[in-house]
Visitor: 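Sharing a structure with you now.
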Amino acid sequence: MKLIIYAVYTFLATYNAGNMMSLQLQHYGIYPFVGKENFKSYISANNKAALIPAILPAMVMLILSVILIFIRPVFMTTWEAIVSLALNIIAFISTFKWQRKLQSDMANTGYDEEKIKLLLSTNWIRTIAFILLGILTISILIMAVK
């Protein structure tokens, strides 16, 4: 069971790292090209569509990071589990402090260049946290099979 939990966690960590990087570099970068007249509808549709590919995997990974503090495979140290949880919490805080709020605001008010710039800059916090999680989980796995 511990190995299955870690395997799912590793999959989600690498998935979320790639997903967030593509959001950061591709998706958020095209916001200025959507057009001010269509932006409100676009961002509303985007927010609704994010549940399965972005929100759910991140939430499951956060829950699993808490579980791994108590139930983890022998090759994962307590320290690694704590760092993993801390990175997940950083991503979660970033999401609710900036990204979720900014996207929700723009779904109601429409295009806002300053909010887009803030979204792009603050999302690096979440992106880096997910990339570090991906690196950490793969590193733990590599060390386990050595």
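Small disclaimer: the values here were computed from a predicted structure and weren't measured.
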Visitor: Can you confirm whether Asn123 sits close enough to Met20 that some side-chain heavy atom of one is under 4.5 Å from a side-chain heavy atom of the other?
Guide: yes
Visitor: Quick one, Tyr9 with Asn88, criterion side chain to side chain donor-acceptor pair (under 3.5 Å). Give me CA distance, side-chain angles, the key distance, then yes/no.
Guide: CA-CA 12 Å; Tyr9 186 77; Asn88 269 291; 2.8 Å; yes
Visitor: When you compare the side chain of Val66 with that of Ile63, does any pair of heavy atoms fall below 4.5 Å?
Guide: no
Visitor: I'd like to know if Ile138 and Tyr15 are part of one continuous hydrophobic network [Ile/Leu/Val/Met/Phe/Trp/Tyr, side-chain heavy atoms within less than 4.5 Å].
Guide: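 The answer is no; the residues belong to distinct hydrophobic clusters.
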Visitor: Do you know the tightest heavy-atom contact between Leu120 and Gly29?
Guide: CD2-N, 4.1 Å
Visitor: Rounded to the nearest 0.5 Å, how far does CD1 of Ile82 lie from CD of Glu80?
Guide: 10.5 Å
Visitor: Between Arg72 and Thr77, does the side chain to side chain donor-acceptor pair (under 3.5 Å) criterion hold? Intermediate values first, please.
Guide: CA-CA 8 Å; Arg72 66 186 170 281; Thr77 67; over 6 Å; no
Visitor: Could you check whether any side-chain heavy atom of Ile125 comes within less than 4.5 Å of a side-chain heavy atom of Lys97, counting everything from C-beta outward?
Guide: no
Visitor: Among pairs that include at least one residue of residues 81-109, which meet ring-ring contact (aromatic ring centres under 6.0 Å, His included), considering only residues two or more places apart or in two chains?
Guide: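 Qualifying pairs, neighbours excluded: Phe92-Phe96.
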Visitor: By the ring-ring contact (aromatic ring centres under 6.0 Å, His included) test, which pairs, at least two apart or in different chains, include something from residues 63-90?
Guide: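 Non-adjacent pairs meeting ring-ring contact (aromatic ring centres under 6.0 Å, His included): Tyr6-Phe75.
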Visitor: Can you find a side-chain donor-acceptor pair between Tyr31 and Glu113 that sits under 3.5 Å?
Guide: no
Visitor: With side chains defined as the heavy atoms from C-beta onward, is the minimum distance between Met21 and Leu25 less than 4.5 Å?
Guide: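 Yes, at least one pair of side-chain atoms sits under 4.5 Å.
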Visitor: Does Asp105 form a side chain to side chain donor-acceptor pair (under 3.5 Å) with Thr109? I'd like the steps, not just the answer.
Guide: CA-CA 6 Å; Asp105 286 352; Thr109 61; over 6 Å; no
Visitor: Using atom types as modelled and distance alone, determine if a side-chain donor or acceptor of Lys40 lies under 3.5 Å from a backbone N or O of Met106.
Guide: no
Visitor: Is there a donor-acceptor pair under 3.5 Å between the side chain of Thr137 and the backbone N or O of Leu133?
Guide: yes
Visitor: Let me know which of Arg126, Gln103, Met59, Lys101 forms a side-chain contact (heavy atoms from CB on, under 4.5 Å) with Thr95.
Guide: Arg126
Visitor: If you measure from CG on Asp112 to NZ on Lys117, what distance do you get to the nearest 0.5 Å?
Guide: 10.5 Å
Visitor: Would you say CD of Gln26 has more than 12 non-hydrogen atoms from neighbouring residues, nucleotides or ligands within 6.0 angstrom?
Guide: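 No.
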Visitor: For residues Ser22 and Asn19, report the shortest heavy-atom separation together with the two atoms involved.
Guide: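 Reported closest heavy-atom pair: OG-O, 2.9 Å.
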Visitor: Quick one: are Gln99 and Ser94 in side-chain contact, heavy atoms under 4.5 Å?
Guide: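 Counting from C-beta outward, Gln99 and Ser94 do come under 4.5 Å.
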Visitor: Looking only at non-hydrogen atoms, find the nearest pair between Ala81 and Leu68 and report the distance.
Guide: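 Nearest heavy atoms, Ala81 then Leu68: CB-O, 3.7 Å.
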Visitor: Can you pull the ring-ring contact (aromatic ring centres under 6.0 Å, His included) pairs that have at least one residue in residues 107-144, sequence neighbours excluded?
Guide: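 As it turns out, the ring-ring contact (aromatic ring centres under 6.0 Å, His included) pairs with a partner in residues 107-144, which skip direct neighbours, are Phe39-Tyr111.
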Visitor: Out of curiosity, Ile43 CD1 to Ser104 OG, how far, rounded to the nearest 0.5 Å?
Guide: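 Output value for this atom pair is 10.0 Å.
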Visitor: To the nearest 0.5 Å, tell me how far Ile71 CD1 sits from Lys2 NZ.
Guide: 8.0 Å
Visitor: Looking at every heavy atom in both Ile5 and Leu64, which two are closest together, and how far apart are they?
Guide: CG2-CD2, 4.0 Å
Visitor: Given the rule that I, L, V, M, F, W and Y join up when any side-chain heavy atoms are under 4.5 Å apart, are Val74 and Val83 in one cluster?
Guide: no
Visitor: Measure the CD-CD1 distance between Gln24 and Ile128 for me, rounded to the nearest 0.5 Å.
Guide: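 CD1 of Ile128 is found 8.5 Å from CD of Gln24.
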Visitor: Under 4.5 Å between side-chain heavy atoms, hopping through other hydrophobics if needed: is there a path connecting Met1 to Ile69?
Guide: yes
Visitor: Are Leu3 and Met143 co-members of a hydrophobic cluster defined by side-chain heavy atoms under 4.5 Å apart?
Guide: no
Visitor: As an exercise, state the distance from CG of Leu102 to CD1 of Ile116, rounded to the nearest 0.5 Å.
Guide: 10.0 Å
Visitor: Give me the atom names and distance for the closest heavy-atom approach of Ile52 to Pro57.
Guide: O-CD, 3.1 Å
Visitor: Are more than 12 heavy atoms, taken from residues, nucleotides or ligands other than Leu51, located less than 6.0 Å from that residue's CG atom?
Guide: yes
